[in-house]
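Residue numbers start from 1 in every chain, and the chains themselves are labelled A, B, ... in the order their sequence lines are given, proteins ahead of strands.
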Number of protein chains: 2
Amino acid sequence: MNKPITMRDIANRIGVSSVTVSKALNDKEGVSDELKEQIKLLAHEMGYRINTAAKSMREGLTYNIGVVIPERFTGPNQSFYMQVYQEISKSLEAHGYYGILHILSAADEEELALPRIYYERKVDGFILLGQINKPYIEVIEEIEQPKLFLDFYDEHSHIDSIVTDNFYGAYELTNYLVRQGHRQIAYVGNIYSTSSIQDRFLGYYKSLLEHNIRLQPEYIVNDRDEQGAYIDIELPSVLPTAFVCNCDQVAYSLVQKLKQSGYKVPDDCSVVGFDNDIYATLTEPHLTTVEVNIKQMAQTAIQSILKKIDDPASSFGRTVVQGKIIYRDSVKKI
Amino acid sequence: MNKPITMRDIANRIGVSSVTVSKALNDKEGVSDELKEQIKLLAHEMGYRINTAAKSMREGLTYNIGVVIPERFTGPNQSFYMQVYQEISKSLEAHGYYGILHILSAADEEELALPRIYYERKVDGFILLGQINKPYIEVIEEIEQPKLFLDFYDEHSHIDSIVTDNFYGAYELTNYLVRQGHRQIAYVGNIYSTSSIQDRFLGYYKSLLEHNIRLQPEYIVNDRDEQGAYIDIELPSVLPTAFVCNCDQVAYSLVQKLKQSGYKVPDDCSVVGFDNDIYATLTEPHLTTVEVNIKQMAQTAIQSILKKIDDPASSFGRTVVQGKIIYRDSVKKI
DNA sequence: CTGAAAGCGCTTACAG
DNA sequence: CTGAAAGCGCTTACAG
């Protein structure tokens, strides 16, 4: 391996100082346009590539962002967070930054072990992607580097967060059902299970309230136990004309159940989901659902974290990103 | 933000030189055990975290590996490569290395644009994950840094590669069907489409040959067109007793087709898949299939690339990683 | 417009 | 066993 080209090499070739080369390559003031051009050209010819490590050390910036995802969200059937990570990766690159992924193992989360990227000063900030345990949140708070929560938040923490608008998405989707003539509308999901299920339920409820539809207890259908494990869905004794499901996967199960019970979707009963994941199009008919705006969530997160790196005092609080209804074939106008 | 602690700070506190601190913290020779302990303790107390950028510059190593995945393999329904990336990330961390993901856009691949991590010397080596275009391969070959192909290979390239053993996996799976009494066995897949479909076909064919079963042309069932788009599967006029599908997703479609035609799986007909992805358990009955050993593929890739960084002359050629049959309920003994 | 000096925080090679 | 010196490749602040 021959020695890498440095700014000094370029400088020597033209008979100029390395300071001038640095200025030229970084488009700084203080070099004539002519010389600038000449230097850039030569740099290109010589195949110069900047040594980021040197720049990093000098500036005290790594140009890396750590993205921490709890292990439990990274299974083969849960591609959502990895999708988000992809977007983060792409957007970061456009800003001259790079993502470093850290899968937080269950053991490390339990033992409150901080990621290695922290101890090695590998990153300028952290994006915590996906709900982490309370005690771990407290440890994270102690870190004196910029950080934010993505796709979850913690009421008692002062860490900024970016979440999808579960409440408004479910509200809009339910409004749509009402506009299609539905008034017997059930909600499927354990509303004590997670904050997104709960917020989606509340959006659904708001729509009912606005339309003077009474919330009937038997129209809140449970889908999972305390541990989050799916349970068999029990259909209400009087079938509603539509179901709002807290996620596409549950909508998928529900449609199977309805079919088994001899009902046709959407002819006998409409069903909507949430997430627009693989289950939305695996279901027959394909589900009308809410798509989370992954791209915007990623971009918002990056803007915020970069701002915080630039100015550690800046703060954004809780930012909410709106989703988008995807209309398909699982709703019938009645 | 208060100034970060350096080795010098620790040194000053004990009244020793920063050289000694460096040696102690790195467990190098030349410091008494006593002093070493004292230094480590103090470092911990003071919350010392090494400045990797400085180390990097000094050693000329970034401790990062670039992982390049073509965009077309990163859709929401294709979590496989992101699974692999997760494993790479985890294993790398155990070696004090970190992965930097680069999604290669279709445009960049077309225009032969190298990733930014290359121009910024952000990484010590590259793992190319997933088949890239021939012309791009040629550009990659020019890079004077360690690199390897993961999950694909190129006959005309001298770049080392690590692939899953498609041939042997399909061979074993077909052997299993034969042991279960099957002799009319069809293969589903366009055998001119990709090298893995082709290699899996050849493994299937080897098993037939070994068992003196004639390969019948109508038992090679097409599943996709030239562009790789799935087409409607046409069942052979005489139904075989078993189908070997080139992937789980196609097995899923096939089972649907069989059910629509009034056949029961596995009672009337057995079906096996390949990949053990989400479709394997989405299918009813759950599919017997071959699981790619993602963990081992990642580990092998990392070992190889780290060895190459250490010794650029080292070469491994084409390494094959064996898969594992997952037995489920889609095969009947006859 | 251009450059000499200094320094970012480490580690290696050498001297004691 | 311990440390002074040198240097990795950049950039900033300052002098000319």
Quick one: [X] [atom1] to [N] [atom2], roughly how many Å, whole number?
{"X": "A:Leu25", "N": "D:dC10", "atom1": "CG", "atom2": "P", "value": "9 Å"}
{"X": "A:Met57", "N": "C:dC8", "atom1": "CE", "atom2": "C1'", "value": "5 Å"}
{"X": "A:Ile39", "N": "C:dG3", "atom1": "CD1", "atom2": "P", "value": "9 Å"}
{"X": "B:Ile5", "N": "C:dC8", "atom1": "CD1", "atom2": "C1'", "value": "16 Å"}
{"X": "B:Asp27", "N": "C:dT12", "atom1": "CG", "atom2": "P", "value": "14 Å"}
{"X": "A:Arg58", "N": "D:dG7", "atom1": "CZ", "atom2": "C1'", "value": "16 Å"}
{"X": "A:Glu59", "N": "D:dT12", "atom1": "CD", "atom2": "P", "value": "6 Å"}
{"X": "A:Arg49", "N": "D:dG9", "atom1": "CZ", "atom2": "C1'", "value": "14 Å"}

### Query
Between A:Tyr63 and B:Glu120, does any side-chain donor sit less than 3.5 Å from a side-chain acceptor?
no
Under a 3.5 Å limit on both distances, the Watson-Crick or wobble mate of D:dA4 is none
Practice prompt. For C:dA13, give its Watson-Crick or G-U wobble partner with both distances under 3.5 Å, or none.
Written response: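 Matched C:dA13 with nothing under the 3.5 Å cut-off.
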Assign each of B:Gly15 and A:Asn26 the nucleotide of DNA chain D bearing its closest heavy atom; nearer the 5' end lies the nucleotide of B:Gly15
Base, sugar-phosphate alone, or nothing: which one does [X] contact when heavy atoms must sit under 4.0 Å apart?
{"X": "A:Glu29", "result": "nothing"}
{"X": "A:Lys28", "result": "sugar-phosphate"}
{"X": "B:Ser22", "result": "base"}

Can you tell which of [options] lies closest to the side chain of [X]?
{"X": "A:Val16", "options": "D:dT11, C:dG3, C:dT11", "result": "C:dG3"}
{"X": "B:Ala54", "options": "D:dG9, C:dG9, C:dG3", "result": "C:dG9"}
{"X": "A:Ile50", "options": "D:dC10, C:dG3, D:dC8", "result": "D:dC10"}
{"X": "A:Val19", "options": "C:dA5, D:dA5, D:dC10", "result": "C:dA5"}
{"X": "B:Val31", "options": "D:dT2, D:dC10, C:dT11", "result": "D:dT2"}

In this structure, OG of B:Ser32 is separated from CD of B:Gln38 (nearest 0.5 Å) by 8.5 Å
When rounded to the nearest 0.5 Å, the distance separating CD of A:Glu45 from CZ of A:Arg13 is 7.5 Å
Check whether any side-chain nitrogen or oxygen of A:Tyr48 sits under 4.0 Å from OP1 or OP2 of D:dC10, and answer yes or no.
yes
With A:Ile140 as partner, the option from A:Leu114, A:Leu112, A:Asp154, A:Val68 fulfilling side-chain contact (heavy atoms from CB on, under 4.5 Å) is A:Leu114
- Task: Could you label the plane-to-plane angle of the B:Phe126 and B:Tyr118 rings as parallel, tilted or perpendicular, counting under 30° as parallel and over 60° as perpendicular?
- Result: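 Correct class here is tilted.
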